[in-house]
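Just follow the structure's listing: the first ligand is 1, and inside any ligand the first atom is 1.
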Amino acid sequence: MSGEKYIIALDQGTTSSRSVLIDREGHMVDFVQRPFQQIFPHPGWVEHNPQDILFSQLGSLTELITKHGLTGKDIDSIGIDNQRETTIVWDPTTGSPVSNAIVWQCRRTAPIIDELCGTPEVRKMVQDKTGLLPDAYFSASKIRWILDNVPGARKRAEAGELLFGTVDTWLVWVLTGGLVHATDVTNASRTMLYNIHEGCWDKDLLDLFGIPESMMPEVRRSSGPFGETSYPGIPAGIPIMGVAGDQQAALFGQCCFEPGQAKNTYGTGCFMLLHTGREARRSEHSLVTTIVASPPDVEETEYALEGSVFVAGALIQWLRDELGIIQHASDTEWMAQSVEDTGGVYIVPAFTGLGAPWWKPDARGAIVGLTRGTTRNHIARAALEALAYQIRDLSDAMAADAGKPIKVLNVDGGASANDFLMQFQADILGCELRRPQNTETTSLGAAYLAGLATGFWSGTDELRALRETDDRFFRRMDPERADELLAGWHDAVRRVM
Ligand code: ADP
């Protein structure tokens, strides 16, 4: 046994790139993080320079390697997790991108979606094939925009001279010295061009968006070979053995390998995924169906239902930065605990509309139930409770689509550190919450995918055993009281709609 070996996870996020060193016990030994520039050329537009993404990622990798005096022999393999949907088009002969990356948050292509997916028939076709509800968020319309707006791009693409990739594909292509043009099934499932049932780029959708198939990467399983490093300044020959989009990597890092297992990440927004096994459940509640990362011994494609909450930790930031009633996000915990309840106050944080299951993009936020006795502690508590109510609504929608309730919710993300929030969440959900000691589940998931493929870890049983004792939260609240609170929340939601 080579006890000294490590896996490196390249955790390529929306605002920073990190390289994370992970040992055989699944511990995060160290990491190096490099932020990079966010580019906002017009209101609603968001871009990254693909070279910034690359150099922040490679910079963090070389710093980590140098800091620990690692050679290629010390590194078992590399796993990659990445911001999803963000779109890059480049010329493989020069290695130069034809434009900045269009970031998942960018809304510039909404008119393309309206134009191409405006009819109920097309919307249904897109949902049937991809599991997604047509939106500018996914890669398809972003590629189309580049081909329509970058001079000469369409012609070059049609001549087979340009490649498309999400960020994982771009990193793999550069790291392998231009040898491998591939993505994994999870990232493919977020492009809105991949047929998640047939497991291929969909000809009808490529036609609909006018995208030549020659641009599209080969689609591989998430746990398995993606080539070897061949890039100046990085030890040569390290195998890249795992790739997954960030949310699917987090699901894997939470050891949710089986149908019925779910995770929620409490970050700026929330992302919740429920593993549904080999069954691609179609949502009736504005959720999407997506492909999960599976262990290498699972042959069949496996799926999840995914839903998000737009404003979660962002509401806590708002209390701090706009209202100025807290200094640190963590202050909300003692403030919430210092009062018995919110005194009837509810905050509906529909800053950018209401997401699933309500789907009212035009709704705007509200604080209701204010009295002369309302203090900032009540407001702080109402903010945390609002996070929990939104997750309850999402969880109900998922359970309805999946046909069974969620029994355990695995949690991670910055705000999962808040014990008041976790207890209240368990009270409102009426199910068990499990918070792992290591809440860096995204990098862990990427590392697990790589390490299972090389045999660094023997299988998912070993990974489950590595997971240290979780913090667990169970319902302590009287169910009638929980229903009463929830009814108050729904009343507040109705008022903003
Ligand atoms: P992201 O990955 O989306 O940037 P993180 O997972 O780093 O987010 O979580 C940061 C978010 O969590 C911030 O919006 C912050 O306000 C919130 N947050 C962090 N710590 C706490 C806490 N103890 N209580 C409540 N919210 C918190």
Quick one: look up the protein heavy atom nearest [atom] and list residue, atom name and how far away it is.
{"atom": "atom 23 (N) of ligand 1", "answer": "Ser330 CA, 3.5 Å"}
{"atom": "atom 4 (O) of ligand 1", "answer": "Thr268 OG1, 3.4 Å"}
{"atom": "atom 12 (O) of ligand 1", "answer": "Ala415 N, 3.6 Å"}
{"atom": "atom 6 (O) of ligand 1", "answer": "Gly414 N, 2.8 Å"}
{"atom": "atom 18 (N) of ligand 1", "answer": "Ala329 CB, 3.7 Å"}
{"atom": "atom 25 (C) of ligand 1", "answer": "Asn418 ND2, 3.6 Å"}
{"atom": "atom 13 (C) of ligand 1", "answer": "Gln317 NE2, 3.3 Å"}

| Is it true that atom CD of Glu25 has more than 12 heavy atoms of other residues, nucleotides or ligands lying nearer than 6.0 Å? |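 Yes, CD of Glu25 has more than 12 neighbouring heavy atoms, counting only those of other groups under 6.0 Å.
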Cation over ring face, [X] and [Y], 6.0 Å, 45°:
{"X": "Arg108", "Y": "Trp145", "answer": "yes"}
{"X": "Arg24", "Y": "Phe456", "answer": "yes"}
{"X": "Arg18", "Y": "Phe31", "answer": "yes"}

| query | Do Gly267 and ligand 1 have an N or O pair less than 3.5 Å apart? | reply |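 No.
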| said: Does any N or O of ligand 1 fall below 3.5 Å from an N or O anywhere on Gly313, backbone included? | reply: yes
Going by the order shown, which atoms of ligand 1 are within less than 4.0 Å of some heavy atom of [X]?
{"X": "Thr332", "value": "24 (N), 25 (C)"}
{"X": "Gly413", "value": "6 (O)"}
{"X": "Ala314", "value": "14 (O)"}

| task | Output yes when a protein non-hydrogen atom is found under 4.0 Å of atom 2 (O) of ligand 1, and no otherwise. | result | no
| task | Could you verify whether a donor N or O on one side chain and an acceptor N or O on the other, from Asp76 and Thr454, lie under 3.5 Å apart? | result | yes
| request: Answer yes if the ring centres of Phe424 and Tyr389 are under 6.0 angstrom apart, and no otherwise. | output: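 Centroid distance Phe424-Tyr389: below 6.0 Å, so yes.
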| said: Using a strict threshold of under 4.0 Å (side-chain N to carboxylate O), is an ion pair present between Asp419 and Arg435? | reply: yes
| If only atom types and distance count, is the side chain of Ser308 paired as donor or acceptor with the main-chain N or O of Phe271 below 3.5 Å? |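 Checked: no pair found.
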| query | What class does the angle between the rings of Trp358 and His490 fall in, given that below 30° is parallel, 30 to 60° is tilted and above 60° is perpendicular? | reply | perpendicular
| message | Residue-level breakdown please: for Leu421 versus ligand 1, do any non-hydrogen atoms fall below 4.0 Å on the side chain, on the backbone, on both, or on neither? | response |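 No part of Leu421 is near ligand 1 at this cut-off.
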